[in-house]
Amino acid sequence: MENKKTALITGSYGGLGTCFVNIHAGDGGNLILVGRNQKKLDEQADSIRKLYDVGVHTIAADLSSPDAAQLIYDTCKEKRWQVDYLINNAGFGGQGDFARERTMEQDMSMIAVNIETPTRLCKLFLPDFIKRGNGRVLNVSSTAATMPGPLQAVYYATKAYVTSWSNALWRELQETGVTVTALMPGAMQTGFISAGGLSDTKLFSNAVDPARVAKAGYDVLKGKLNVISGLPGWQTPMMKLAPLFPKKTMLSFVYDQQRVGNAKRK
């Protein structure tokens with residue numbers, strides 16, 4: 001990776017986001033940190049400046065707002081901050097029955113953060129990348145994109161969108177000098193677990209360290225289509241075998257993996 005390239009990272013002070021920040025800064029790259037809490041952004045920026053000789057800027061934005069992407073883009077333009085790498089890392093999930101437990105606000109906010117804002121950011125930044133003839137996008141999807149997810153119905157669907165959309169952009173951008181890669185992690189040890197109410201589920205009982213997932217994604221920003229990383233134990237063979245199982249059997253298996261209170265059940 002070239003030194004002094006600037007990476008804009010959404011969800012920068014979360015588990016995976018923090019890993020991306022440290023990797024890029026350690027590689028000599030400048031940063032634009034994006035998150036909702038200005039105090040946390042400032043603390044992260046101060047820490048990075050002390051550890052690395054890189055430039056760090058911050059943008060506070062609520063990524064569930066339809067205006068967030070435009071705010072981020074306009075700020076970069078006004079400040080003359082050129083974005084070389086766009087890492088759409090921010091996202092969240094949430095356990096619960098779609099019709100009987102999840103609220104409208106919870107799921108619409110999830111769609112906004114996981115789908116709408118990354119789409120808007122790419123719509124805004126990609127024309128600049130194409131005009132310059134260089135730029136790299138990493139969209140954080142999930143292995144959840146490969147199947148429906150009962151008890152996380154909307155989350156799994158948002159990640160299916162992210163992967164499908166990223167793959168289509170990958171082809172559209174051929175020969176432009178711009179690349180788009182989808183990072184598809186398994187279950188990771190991040191704040192995603194507690195925020196989504198998933199700590200006592202089988203799916204996250206063997207969650208992996210996000211540092212190696214971030215490294216896997218960052219290392220292939222040069223244009224690989226999809227990167228699957230951080231699969232704990234049973235998920236590795238399951239990813240390969242999943243297409244062979246009858247759909248109804250797979251749906252029941254995923255449902256069981258995501259029931260709260262079943263982390264220690266056999």
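No experiment lies behind these values; they were computed from the predicted model shown.
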Q. Do you see a donor-acceptor pair shorter than 3.5 Å between the side chains of S12 and Q44?
A. yes
Q) Distance-only, no hydrogens or angles: does the T143 side chain make a donor-acceptor pair with backbone N or O of P185 under 3.5 Å? A) yes
Q: Identify whether the distance between the nearest side-chain nitrogen and carboxylate oxygen of K79 and D74 falls below 4.0 Å.
A: no
(Q) Is there a path of hydrophobic side-chain contacts, each under 4.5 Å between heavy atoms, that joins I32 and L71? (A) no
**Q.** side-chain contact (heavy atoms from CB on, under 4.5 Å) between V140 and N88, worked out
**A.** CA-CA 6 Å; V140 177; N88 283 310; over 6 Å; no
(Q) Can you confirm whether the side chains of Y156 and T146 place a donor and an acceptor under 3.5 Å from each other? (A) no
Q) What are the two closest heavy atoms between V137 and C122, and how far apart are they? A) CG1-SG, 3.9 Å
Q: Go through the steps for I9 and L31 under the test side-chain contact (heavy atoms from CB on, under 4.5 Å), then give the verdict.
A: CA-CA 8 Å; I9 303 174; L31 291 156; 3.7 Å; yes
Q. What's the shortest heavy-atom distance between T58 and A45, and which atoms?
A. CG2-CB, 3.9 Å
Q: Might you point out which heavy atoms bring M184 and A145 nearest each other, and give the distance in Å?
A: CE-CB, 4.2 Å
(Q) For a quick check under 3.5 Å, do Y155 and D107 share a side-chain donor-acceptor pair by atom type? (A) no
**Q.** Contact summary for P210 and L16, nearest pair of heavy atoms
**A.** O-CD1, 3.5 Å
Q. Can you list the steps and then say if V154 with F98 is a side-chain contact (heavy atoms from CB on, under 4.5 Å)?
A. CA-CA 8 Å; V154 173; F98 174 80; 3.8 Å; yes
**Q.** Gap between atom CD of Q106 and atom CD1 of I111 - 0.5 Å precision
**A.** 12.0 Å
Q) Hey, is the main chain of V83 close enough, under 3.5 Å, to the side chain of K5 for a donor-acceptor pair? A) no
Q.
Run K77 and D128 through salt bridge (Lys or Arg N to Asp or Glu O under 4.0 Å) and show every step you take.
A. CA-CA 11 Å; K77 285 296 186 181; D128 294 342; 3.1 Å; yes
Q. Side chains of V220 and L183: does their closest heavy-atom pair fall under 4.5 Å?
A. no
(Q) Measuring centre to centre across the rings, with the benzene-like ring taken for any Trp, is F20 within less than 6.0 Å of Y218? (A) no
Q) In Å and rounded to the nearest 0.5 Å, what is the CD to CD1 distance from Q38 to I59? A) 9.5 Å
Q) Distance-only, no hydrogens or angles: does the W170 side chain make a donor-acceptor pair with backbone N or O of G223 under 3.5 Å? A) yes
Q. Rounded to the nearest 0.5 Å, how far does CD1 of I48 lie from CG of L33?
A. 7.5 Å
Q | Worked check of side-chain contact (heavy atoms from CB on, under 4.5 Å) between V227 and L138 | A | CA-CA 10 Å; V227 181; L138 182 68; 5.9 Å; no
(Q) Whether the side chain of E101 engages the backbone of D97 through a donor-acceptor N/O pair (distance < 3.5 Å, no angle test) should be reported. (A) yes
(Q) Can a donor-acceptor pair be found, under 3.5 Å and without considering hydrogens, that links the side chain of Y13 to the backbone of V34? (A) no
Q) Should we say atom CD of E105 is surrounded by more than 12 heavy atoms from elsewhere, each under 6.0 Å from it? A) no
Q) Quick one: does S164's side chain have a donor or acceptor within less than 3.5 Å of a partner on A160's backbone? A) no
Q | Non-hydrogen atoms of L221 and T179 that approach each other most closely | A | O-OG1, 3.0 Å
(Q) Contact between V178 and L126 at the side-chain level, heavy atoms closer than 4.5 Å - yes or no? (A) yes
Q. When the ring planes of Y161 and W165 are compared, do they come out parallel, tilted or perpendicular, using 30° and 60° as the limits?
A. parallel
Q) Is it true that a side-chain atom of D84 and a backbone atom of G135 form a donor plus acceptor pair closer than 3.5 Å? A) no
Q. Would a distance-only check, ignoring hydrogens and angles, find a side-chain to backbone donor-acceptor pair under 3.5 Å from D62 to R36?
A. no
Q: Check whether V162 and M108 end up in the same hydrophobic cluster, where Ile, Leu, Val, Met, Phe, Trp and Tyr are linked by side-chain heavy atoms less than 4.5 Å apart.
A: yes
Q. Can you tell me if T163 and S141 form a side-chain donor-acceptor pair at under 3.5 Å?
A. yes
Q: Give a yes-or-no answer on whether the side chains of Y85 and H24 include a donor-acceptor pair shorter than 3.5 Å.
A: no
Q: Taking the side chain as every heavy atom from C-beta outward, state whether V21 and T18 have any pair of such atoms under 4.5 Å apart.
A: no
Q: Of all the heavy-atom pairs spanning R212 and S229, show the shortest one and how long it is.
A: O-OG, 3.9 Å
Q) Any chain of hydrophobic side-chain contacts (each under 4.5 Å) joining I23 to Y52? A) yes
Q: To the nearest 0.5 angstrom, please state how far the OG1 atom of T117 sits from the CD1 atom of I72.
A: 7.0 Å
Q. Does C76 reach the side chain of Q82, with side-chain heavy atoms less than 4.5 Å apart?
A. no
Q) Counting only N and O atoms by type, is there a donor-acceptor contact under 3.5 Å from the side chain of N30 to the main-chain atoms of T6? A) no
Q) Is any NZ, NE, NH1 or NH2 atom of the basic residue among D46 and R49 found under 4.0 Å from an Asp or Glu carboxylate oxygen of the other? A) yes
Q) Side chains of N139 and S166: do they bring a donor and an acceptor to under 3.5 Å? A) yes
Q | S109 backbone acceptor or donor facing S64 side chain under 3.5 Å | A | no
Q. Would you say the side chain of T176 lies within less than 4.5 Å of the side chain of R132, judging by non-hydrogen atoms?
A. no
Q: Enter the distance from I115:CD1 to K159:NZ here, rounded to the nearest 0.5 Å.
A: 9.0 Å
Q. Which value, rounded to the nearest 0.5 Å, describes the distance between Y73 atom OH and L86 atom CG?
A. 12.0 Å
